[in-house]
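Residue numbers start from 1 in every chain, and the chains themselves are labelled A, B, ... in the order their sequence lines are given, proteins ahead of strands.
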Amino acid sequence: VVTYNSAIAACASGGEWKKASQLIDEMRRKGLNPDRYSYTSAIHACGKARSPLEALRLLRAMETNNVVPDVIAMTACMDALAAGGKWSEAIKILDEMRSKGIAPNERTYKAAIQACGRGGQWQRALELLSRLENRASGATVQEYNCAMMACVTGGEPGRALDLLEQMKANKGGVNAGPDIVTYTSAIMACSSKGKWVRALSLLDEMRKAGPRTQPNVRSYTAAIAACGRAGKWEEAVALHSKLREEGLTPD
RNA sequence: UGAAUAGUAC
């Protein structure tokens, strides 16, 4: 079984979902019982291949064959649904977890938020976030970051910038302050709004905000894109040189 | 042996 599972995991890395589910069939034909690992890898393969419905099918097949899905399997399925823009299906899975008593973890919530964003449901993403904020432990930086991206991809980049402000205000509390991903996401938000000046000032703010938020290649890339989109090619070129001055290699 | 937020080319 483990041998098969390794093969299925390899299919997953390559996004070969057909091969993956074919291997599961083969296992059953040979009298081997696919386990959680087998199914989760196959589901992951569907996610990579952007075949959300196949992922759902596999999750159901798993149940049919009396392999009880756990957090990882369910989350992998939600990730696949998110990648395919199937936000309502993803939320159904989240509810299903509740009813089955499977505790969602941070990755699960991130998948749900991402699914909402990709489906253009930024309001729902924010709703989810506020539920997390109301938890005793509050929302984590990664959950905030994920919600910011959901606003950007969901067509409401202004909200992402609001979240940045909120995170800065929370800095002393239970929640850690904005990190490098937070800022880079905010720059992407500026980019979609055509606010290249703001993007540049955020880049500057990062440098001053401490060692944890020093701009990296991705931050620069986002800022360059913001300038590029606004037709500010001179600024874009200037950023490119600055990036190299700091010893970073453009990709 | 399985899942994860800022890079998948209007």
Side-chain angles (χ1 to χ4, degrees), chain A residues 1-13 15 20 23-24 27 32-50 55 58-59 62 67 69-84 90 93 97 102 104-118 125 128-129 132 139-154 157 160 163-164 167 178-192 199 202-203 206 213 215-226 228-229 248-251:
Chain A
V1 174
V2 175
T3 310
Y4 269 99
N5 287 353
S6 303
I8 296 172
C11 294
S13 320
L23 282 170
I24 289 196
M27 286 175 82
L32 297 172
N33 294 323
D35 60 11
R36 283 174 173 161
Y37 292 80
S38 326
Y39 282 105
T40 304
S41 291
I43 288 171
H44 188 209
C46 299
K48 279 222 153 186
R50 294 284 150 82
L58 278 165
L59 185 68
M62 186 173 181
V67 180
D70 61 2
V71 214
I72 302 185
M74 305 276 279
T75 302
C77 188
M78 286 176 60
D79 279 322
L81 293 168
I93 302 262
M97 289 178 73
I102 301 173
N105 61 23
E106 185 179 38
R107 292 191 189 193
T108 312
Y109 288 120
K110 282 162 61 180
I113 291 171
Q114 201 185 359
C116 293
R118 298 188 95 111
L128 260 167
L129 180 66
L132 298 174
T140 66
V141 179
Q142 294 198 3
E143 285 159 351
Y144 275 108
N145 291 346
C146 212
M148 285 180 69
M149 281 313 292
C151 291
V152 174
T153 64
L163 284 175
L164 171 64
M167 290 175 77
D179 66 8
I180 189 168
V181 176
T182 312
Y183 275 108
T184 304
S185 303
I187 291 173
M188 294 180 73
C190 294
S191 181
S192 1
L202 280 173
L203 198 61
M206 288 179 82
T213 57
N216 64 12
V217 185
R218 289 182 177 194
S219 321
Y220 273 101
T221 303
I224 290 170
R229 260 196 220 193
L248 299 172
T249 308
D251 58 3

From [atom1] of [X] over to [atom2] of [N], roughly how many Å is that when rounded to an integer?
X: K48(A); N: rA4(B); atom1: NZ; atom2: P; result: 8 Å
X: Q114(A); N: rA3(B); atom1: CD; atom2: C1'; result: 12 Å
X: I102(A); N: rA3(B); atom1: CD1; atom2: P; result: 18 Å
X: Y4(A); N: rG2(B); atom1: OH; atom2: P; result: 19 Å
X: I224(A); N: rA9(B); atom1: CD1; atom2: P; result: 17 Å
X: L58(A); N: rA3(B); atom1: CG; atom2: P; result: 15 Å
X: I8(A); N: rU1(B); atom1: CD1; atom2: C1'; result: 9 Å
X: I113(A); N: rA3(B); atom1: CD1; atom2: C1'; result: 16 Å

So I93(A) and L59(A), do their side chains get closer than 4.5 Å, heavy atoms only?
yes
Answer whether the closest heavy-atom distance between the side chains of L132(A) and T140(A) falls below 4.5 Å.
no
Remember a base hit wins even if backbone is also touched, and classify [X] as base, sugar-phosphate or nothing at under 4.0 Å, heavy atoms.
X: D179(A); answer: nothing
X: N145(A); answer: base
X: T221(A); answer: nothing
X: A73(A); answer: base

Measure from the side-chain heavy atoms of [X] and tell me the nearest of [options].
X: R107(A); options: rA6(B), rG2(B), rA3(B); answer: rA3(B)
X: T184(A); options: rU5(B), rA6(B), rG2(B); answer: rA6(B)
X: V2(A); options: rA3(B), rA6(B), rU1(B); answer: rU1(B)

State which residues pass side-chain hydrogen bond (donor to acceptor under 3.5 Å, both in side chains) with N216(A); sequence neighbours excluded, sorted by chain then number.
S219(A)
Can a donor-acceptor pair under 3.5 Å be found between the side-chain atoms of N105(A) and the base atoms of rA3(B)?
yes
Taking atom types as they are modelled, is there a donor-acceptor pair under 3.5 Å from the base of rG2(B) to the side chain of T40(A)?
yes
By side-chain contact (heavy atoms from CB on, under 4.5 Å), Y220(A) pairs with (sequence neighbours left out) L203(A), R207(A), P215(A), L239(A), K242(A), L243(A), E246(A), L248(A)
Nearest-0.5 Å distance that lies between atom CD in E143(A) and atom CG in L128(A)
9.5 Å
Using heavy-atom distances to pick each residue's nearest nucleotide on RNA chain B, tell me which of Q142(A) and R118(A) is more 5'.
Q142(A)
